*Asks:* 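Structure below; questions to follow.
Just so we're clear, the structure is a prediction, and the values are computed from it rather than from any experiment.
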Amino acid sequence: MKRRRLEKIIELIGEHKIETQEELQSYLRESGFDVTQATISRDIKELRLVKELSPEGRYIYTPRMRDPKYDPDLRKSGILNESVLRVDFAMNTVCVKCRAGTAGAVCAALDGTRWSGVVGTIAGDDTIFILCRNEKSARLFSSNLESVINAQNS
């Protein structure tokens, strides 16, 4: 039950801009998890959730992981610009096509960012598959990766 609740919390903060524990508690109750504020507080601590400023100027819960679109090391790295040919997704899986022999290096660079919403990656010679928690995470990952690549081209 606890593992499912923690997974649901991650899903909820990915889908909604949650500002308070009470708001999270309300979403959890709607999802069939009848929990106390104290339990939510412990879950937040265990998941290492933090509050970050949203584009709307509100502080919302997020996982404490770096976002590659703001990661200066990834932005400076030429590996993406030199190697990635295209990025696409289907449901919760992202496919990154690379120049022959470069997928491993690109995958290692992406893995180093610990992107929120990514479950795992696997690389072949010229293709990387990225398994995301859900379709929204895959869409966001694809969009942000393309933004990083486009920023390098500017």
Side-chain angles (χ1 to χ4, degrees), residues 1-19 21 23-33 35 40 43-56 58-71 73-75 77 79-153:
M1 181 74 165
K2 179 179 179 181
R3 184 178 61 63
R4 288 188 321 177
R5 184 179 68 244
L6 295 177
E7 289 172 356
K8 189 64 174 179
I9 290 172
I10 294 297
E11 179 183 320
L12 288 169
I13 66 169
E15 293 174 358
H16 306 282
K17 295 181 179 186
I18 298 175
E19 297 180 65
Q21 291 183 8
E23 192 176 350
L24 179 57
Q25 184 178 30
S26 175
Y27 280 117
L28 283 169
R29 285 192 174 147
E30 288 174 15
S31 301
F33 295 92
V35 294
I40 291 173
D43 289 348
I44 288 170
K45 186 173 185 175
E46 183 172 335
L47 290 169
R48 297 182 179 165
L49 300 180
V50 295
K51 283 193 168 184
E52 290 184 353
L53 190 61
S54 73
E56 296 83 19
R58 300 173 16 213
Y59 284 94
I60 59 171
Y61 283 107
T62 62
R64 185 163 68 182
M65 295 182 183
R66 296 182 336 206
D67 184 339
K69 71 180 180 181
Y70 300 114
D71 184 346
D73 294 331
L74 189 57
R75 286 176 85 72
S77 168
I79 189 72
L80 296 180
N81 188 37
E82 296 167 9
S83 303
V84 176
L85 301 174
R86 66 182 176 276
V87 179
D88 202 357
F89 75 96
M91 298 184 71
N92 67 327
T93 304
V94 177
C95 180
V96 180
K97 292 298 287 182
C98 302
R99 296 191 188 285
T102 63
V106 172
C107 191
L110 294 174
D111 283 344
T113 64
R114 295 180 48 211
W115 201 315
S116 176
V118 171
V119 176
T121 60
I122 187 166
D125 183 61
D126 65 354
T127 306
I128 302 167
F129 285 113
I130 298 136
L131 180 64
C132 297
R133 294 216 175 276
N134 52 44
E135 186 172 350
K136 182 179 179 182
S137 296
R139 183 180 305 110
L140 183 62
F141 182 95
S142 296
S143 174
N144 287 341
L145 182 56
E146 287 172 343
S147 295
V148 170
I149 292 166
N150 291 334
Q152 289 179 347
N153 291 329

*Asks:* Answer yes or no: is there an ion pair linking Lys8 with Glu11, defined by an N-O contact shorter than 4.0 Å?
*Replies:* yes
*Asks:* Within a 6.0 Å radius of atom CD1 on Ile122, are there more than 12 heavy atoms belonging to other residues, nucleotides or ligands?
*Replies:* no
*Asks:* Work out which heavy atom in Ala123 is nearest to a heavy atom in Ile128; give both atom names and the distance.
*Replies:* CB-CG1, 4.1 Å
*Asks:* Examine the side chains of Ser137 and Asn134 and answer whether a donor and an acceptor come within less than 3.5 Å of each other.
*Replies:*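 Ser137 vs Asn134: donor-acceptor pair found between side chains.
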*Asks:* What's the separation between atom CD1 in Ile130 and atom CG in Asn92, rounded to the nearest 0.5 Å?
*Replies:*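 Here the rounded value is 11.5 Å.
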*Asks:* Working to the nearest 0.5 angstrom, can you tell me the gap between Leu145 CG and Leu110 CG?
*Replies:*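 Between atom CG of Leu145 and atom CG of Leu110 there are 6.0 Å.
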*Asks:* Using 0.5 Å steps for rounding, measure from the CD atom of Gln21 to the CG atom of Asp43.
*Replies:*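 With rounding to 0.5 Å, CD (Gln21) is 9.5 Å from CG (Asp43).
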*Asks:* Look up atom NZ in Lys17 and atom CZ in Arg58, then write down how far apart they are to the nearest 0.5 Å.
*Replies:* 7.0 Å
*Asks:* Could you measure the distance from the NZ atom of Lys51 to the CD1 atom of Ile44? Nearest 0.5 Å is fine.
*Replies:* 8.0 Å
*Asks:* May I ask you to check whether over 12 heavy atoms, not counting those of Phe33, lie within 6.0 Å of atom CZ?
*Replies:* yes
*Asks:* Any chance you could measure Leu49, atom CG, to Ile13, atom CD1, to the nearest 0.5 Å?
*Replies:*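 Leu49 CG to Ile13 CD1: 4.5 Å, rounded to 0.5 Å.
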*Asks:* Check whether any side-chain N or O of Ser143 sits under 3.5 Å from a backbone N or O of Arg139 as a donor-acceptor pair, and report yes or no.
*Replies:* no
*Asks:* Below 3.5 Å, can you tabulate the donor-acceptor pairs from side chains in residues 93-100 to any protein atom, sequence neighbours excluded?
*Replies:*
residue, atom, partner, partner atom, Å
Lys97, NZ, Thr127, OG1, 2.9
Arg99, NE, Glu82, O, 2.9

